[in-house]
There are 2 protein chains.
Amino acid sequence: MLSGKFAITIHILTLLNKFPNDYLSSEYIAGSINLNPVLVRKEIANLKAHHIVESKEGKNGGTKLAVDSSKLTLKEIFEMTFETINLGYAKNQPNPDCPVGKKINENLDALYADMNQKVSTQLQGISLEDFSNQF
Amino acid sequence: MLSGKFAITIHILTLLNKFPNDYLSSEYIAGSINLNPVLVRKEIANLKAHHIVESKEGKNGGTKLAVDSSKLTLKEIFEMTFETINLGYAKNQPNPDCPVGKKINENLDALYADMNQKVSTQLQGISLEDFSNQF
DNA sequence: CATACTGTAATAAAATATGTTACAAATGTA
DNA sequence: TACATTTGTAACATATTTTATTACAGTATG
């Protein structure tokens, strides 16, 4: 559930924000992340689905930001690349005949919902521009 | 890095807290979680290393809480089962010749450090007893 | 029309998580 | 003492997820 998606996506967006007038190729972006270009294109597909970037096919094609980086927050990026943050669940269905087993996931859910609230508040306060300005 | 460890561990501890006078067997605990007993014993080994539980080998053996559940916080459980919370890193080493690649992990680290701070504060406010009382 | 891209599917490889088997050692109990 | 039950732990097996690769059709540029 946790993977490198958020990190990769924010890396892509930071690069796009550094070159707001250029269409960057997946090959170029992949070179900065040190990642396979196909995986970059997959994350870009996700960003496109959320109308955060636009791409141009064909020669000299590539991708550029389609939104104002001061208005895009890390919370939105988080939500595009993660469902929620949590500390995991036991994978198997716990025993419904045990009072603890029966309610454990419900109680973990409540705990994790609070965590998400706190993390979301933090991330909402940081724009892509803010993040990008650190470089 | 994220797995079911936290969930499994808190499940174990909740059970132990429900039966504070009994040594529960890994078999019994595994039945509630619906997990292999060996994996339960592995998590218990971790708890023992932190002096949270004590075990008795041999017939009628098992594990029981060794601490006051009102004093053990979820933060401590979190730290025993996770290093930190984060939204991941690109797995490969980013390109050090790119200004973004060179600093991306450092900047993500700073972001995640803040997240951990917030999550830790939340978890510190919840004791095992509090959690267990929800069942 | 050659070139350089995106988009996407199919497949492979690697990494991680979970499960199983096995058995020595400990301990209670008949 | 002999037996049954349980922990502790290692070794191995399987499943799942993540990451990488290959391939190629489609699109735009010059």
Side-chain angles (χ1 to χ4, degrees), chain A residues 1-9 11-12 15-16 19 22-31 33-66 81-83 86-94, chain B residues 1-9 11-12 15-16 19 22-31 33-66 81-83 86-94:
Chain A
M1 167 244 328
L2 279 239
S3 69
K5 281 171 82 73
F6 175 83
I8 290 164
T9 298
H11 194 145
I12 293 169
L15 284 170
L16 295 179
F19 301 96
D22 299 329
Y23 283 90
L24 303 185
S25 73
S26 61
E27 188 83 26
Y28 176 84
I29 295 169
I33 307 179
N34 188 16
L35 192 71
N36 193 290
V38 174
L39 301 180
V40 171
R41 298 206 284 272
K42 275 187 186 158
E43 293 313 314
I44 285 173
N46 185 36
L47 288 166
K48 283 181 64 179
H50 289 90
H51 309 102
I52 305 301
V53 302
E54 54 179 89
S55 295
K56 205 169 61 173
E57 293 186 34
K59 190 168 181 178
N60 302 329
T63 302
K64 72 194 271 295
L65 264 188
T81 53
F82 262 75
E83 304 83 65
N86 67 58
L87 305 180
Y89 298 88
K91 192 162 194 188
N92 299 328
Q93 191 180 349
Chain B
M1 170 246 326
L2 278 240
S3 69
K5 280 169 84 72
F6 175 82
I8 290 165
T9 297
H11 194 145
I12 293 169
L15 283 171
L16 296 179
F19 301 96
D22 299 330
Y23 284 89
L24 303 185
S25 73
S26 61
E27 188 82 27
Y28 176 84
I29 294 169
I33 307 179
N34 189 16
L35 193 71
N36 192 291
V38 175
L39 301 179
V40 171
R41 297 206 284 272
K42 275 184 186 161
E43 292 315 313
I44 285 174
N46 185 35
L47 288 167
K48 282 180 64 178
H50 289 89
H51 308 100
I52 305 301
V53 302
E54 54 179 270
S55 294
K56 206 169 60 172
E57 293 186 36
K59 191 167 183 181
N60 303 326
T63 303
K64 72 193 271 293
L65 264 187
T81 54
F82 262 75
E83 303 82 66
N86 66 59
L87 305 179
Y89 299 88
K91 192 161 193 188
N92 298 329
Q93 190 180 351

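Here is the naming used below: chain letters follow the sequence lines, and residue numbers restart at 1 for every chain. Every value quoted in this text rests on a predicted model; they were computed, and no experiment measured them.
- Going from atom CD1 of B:Ile29 over to atom P of D:dG8 covers 11 Å, rounded to whole Å.
- Distance, A:Asp22 CG to C:dT6 P: 14 Å, rounded to whole Å.
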Polar pairs (N or O, both sides) under 3.5 Å between protein and nucleotides 19-23 of chain C?
from   : atom 1 : to      : atom 2 : distance (Å)
C:dG19 : OP1    : A:Asn92 : OD1    : 3.4
C:dG19 : OP1    : A:Asn92 : ND2    : 2.7
C:dT20 : OP2    : B:Asn36 : ND2    : 3.0

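- In this structure, the NZ atom of B:Lys48 is 8 Å from the C1' atom of D:dG8, given to the nearest Å.
- The B:Ala45 side chain lies nearest to D:dT9 when the options are D:dT7, D:dT9, C:dC5.
- An OP1 or OP2 oxygen of D:dT7 is reached within less than 4.0 angstrom by a side-chain nitrogen or oxygen of B:Ser26.
- The CG atom of B:Asp22 lies 11.5 Å from the CG atom of B:Leu15; values are rounded to the nearest 0.5 Å.
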Tabulated below should be each protein N or O lying under 3.5 Å from an N or O of nucleotides 28-30 of chain D; please produce it.
from   : atom 1 : to      : atom 2 : distance (Å)
D:dA28 : N3     : A:Lys59 : N      : 3.3

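- Map B:Leu24 and A:Ile8 each onto its nearest nucleotide of DNA chain D; the residue landing nearer the 5' end is B:Leu24.
- For the pair A:Glu43 CD and C:dT6 P, the computed distance is 15 Å after rounding to whole Å.
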- Before giving the answer on side chain to side chain contact (heavy atoms under 4.5 Å, CB included), spell out for B:Leu35 and B:Ile8 the whole-Å C-alpha distance, their side-chain angles and the decisive distance to 0.1 Å. CA-CA 9 Å; B:Leu35 193 71; B:Ile8 290 165; 3.7 Å; yes
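- The shortest distance between side-chain heavy atoms of A:Ile33 and A:Ile12 falls below 4.5 Å.
- Residue A:Glu54 contributes atom CD, which lies 14 Å from atom P of C:dT6 at whole-angstrom precision.
- Residues that satisfy the side-chain contact (heavy atoms from CB on, under 4.5 Å) test with B:Ser26, not counting sequence neighbours, are B:Pro37, B:Val40, B:Arg41.
- Counting only residues at least two apart or on different chains, no salt bridge (Lys or Arg N to Asp or Glu O under 4.0 Å) pair has a member in residues 49-60 of chain B.
- Whole-Å rounding puts the A:Glu27 CD to C:dG7 C1' distance at 15 Å.
- Under the rule for a side-chain hydrogen bond (donor to acceptor under 3.5 Å, both in side chains), B:Ser25 has no partner lying at least two apart in sequence or in another chain.
- Contacts of A:Asn60 classified as side-chain contact (heavy atoms from CB on, under 4.5 Å), with partners at least two apart in sequence or in another chain: none.
- Contact annotation: the side chain of B:Ser55 approaches that of B:Thr63 to within less than 4.5 Å [non-hydrogen atoms, C-beta and beyond].
- Using a 4.5 Å heavy-atom cutoff, the side chains of B:Leu16 and B:Ile29 are in contact.
- Atoms NZ (B:Lys64) and P (D:dT6) sit 18 Å apart, rounded to a whole Å.
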